[in-house]
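For reference, the structure is listed below as structure tokens.
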Amino acid sequence: SPGVAGSGCGGGGGRFVRSDASQYSAGPDGRSACTCIALTVADRFLSLSSSSSSEEEESAITPAFLSDAVLSGVAAYNNVKKAGAGGGGGGGSSAEHMSAEEVLSGTSAFPDLRVVGGVRQGVLSSDRSGPLGLRALLEGCRRGGEEGEGEGDSSGPVAVLITKTPETVVC
């Protein structure tokens, strides 16, 4: 059932928020909407971050927030799909396997989002100190944001979108 639990991942504080909604409960198009769902959550969280305190941010991330983001992300995916983005040619071409950078550069679905620190690919392994590990990639995203690396102004909050294989990290 949906809810909020304390202690966070690895016992480092924070919260775990769960919603009954998922990409699979949102109808047949939901299974392919994961990138647009993730971009929707990033967009909403960054919007919230720019206008709220950290306490307000934390209390705003609720099961209802996540459920609405899932449904809105599926709707965004359907709009991208109808526009024919990613498949060349318009009118319902396949957007099923579009990356976040393709959605951001090839559509107007998320006008307030952009790639700031570039696309980074890593390797998930047991070596926590490897140069292609998740920690190194996230530290590089942070440094990139602080140094103004990549496109546009990166001052202010930055979201990191992590997608499955090949474990792409977009800053």
Side-chain angles (χ1 to χ4, degrees), residues 1-83 85-86 94-117 119-122 124 134-135 137-139 141-142 145 154-171:
S1 70
V4 178
S7 82
C9 295
R15 301 175 329 138
F16 179 82
V17 181
R18 178 185 159 97
S19 170
D20 280 339
S22 76
Q23 70 185 93
Y24 301 106
S25 66
D29 285 326
R31 73 177 180 84
S32 300
C34 50
T35 298
C36 288
I37 292 168
L39 288 168
T40 298
V41 172
D43 190 35
R44 290 181 178 194
F45 184 75
L46 289 172
S47 178
L48 182 66
S49 294
S50 66
S51 63
S52 304
S53 70
S54 55
E55 293 83 25
E56 290 171 320
E57 286 173 22
E58 189 170 321
S59 65
I61 308 299
T62 64
F65 175 95
L66 296 177
S67 294
D68 185 61
V70 167
L71 297 176
S72 296
V74 173
Y77 167 76
N78 283 324
N79 290 336
V80 167
K81 185 174 149 183
K82 285 178 190 160
S94 176
E96 185 169 353
H97 299 291
M98 286 183 74
S99 65
E101 53 276 11
E102 288 173 315
V103 172
L104 294 177
S105 67
T107 75
S108 60
F110 300 95
D112 295 330
L113 295 181
R114 65 187 179 281
V115 176
V116 175
V119 176
R120 301 158 194 247
Q121 290 187 326
L124 296 179
L134 185 58
R135 169 174 266 153
L137 291 175
L138 291 175
E139 287 172 351
C141 287
R142 184 182 330 155
S154 61
S155 61
V158 175
V160 174
L161 180 70
I162 302 173
T163 60
K164 62 183 181 275
T165 305
E167 287 84 31
T168 302
V169 178
V170 179
C171 305

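Taking every heavy atom of both residues into account, Ile37 and Gln23 meet most closely at CD1-CB, 3.6 Å. Residues Val103 and Thr107 approach most closely at O-OG1, 2.6 Å, considering heavy atoms. The shortest non-hydrogen separation linking Val74 to Ala26 is CG2-CB, 3.7 Å. Across all their heavy atoms, Leu137 and Gly122 have their closest contact at CD1-CA, 3.4 Å. Of all non-hydrogen atoms in Ser22 and Val70, the two that sit nearest each other are O-CG1, 3.5 Å. Between Thr40 and Gly73, the closest heavy-atom pair is OG1-CA, 3.3 Å.
Under the 3.5 Å distance criterion, the side-chain polar atoms of Thr62 are matched with a main-chain donor or acceptor of Phe65.
Ile61 CD1 to Ser19 OG: the interatomic distance, rounded to the nearest 0.5 Å, is 12.0 Å. To the nearest 0.5 Å, atom CZ of residue Phe110 and atom OG1 of residue Thr35 are 9.5 Å apart. Separation of atoms CG (Leu113) and CG (Leu39) is listed at 6.0 Å; rounding is to 0.5 Å.
Scanning for side chain to side chain donor-acceptor pair (under 3.5 Å) contacts around Ser99 gives Glu101, Glu102, with sequence neighbours left out. The side chain to side chain donor-acceptor pair (under 3.5 Å) test applied to Asn79 returns no partner, not counting sequence neighbours.
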Determine whether Leu66 and Val17 satisfy the following criterion, side-chain contact (heavy atoms from CB on, under 4.5 Å), listing intermediate values before the conclusion.
CA-CA 8 Å; Leu66 296 177; Val17 181; 3.6 Å; yes
Begin from the C-alpha positions of Ser72 and Arg44 and carry the test side-chain contact (heavy atoms from CB on, under 4.5 Å) through to its verdict.
CA-CA 11 Å; Ser72 296; Arg44 290 181 178 194; 2.7 Å; yes
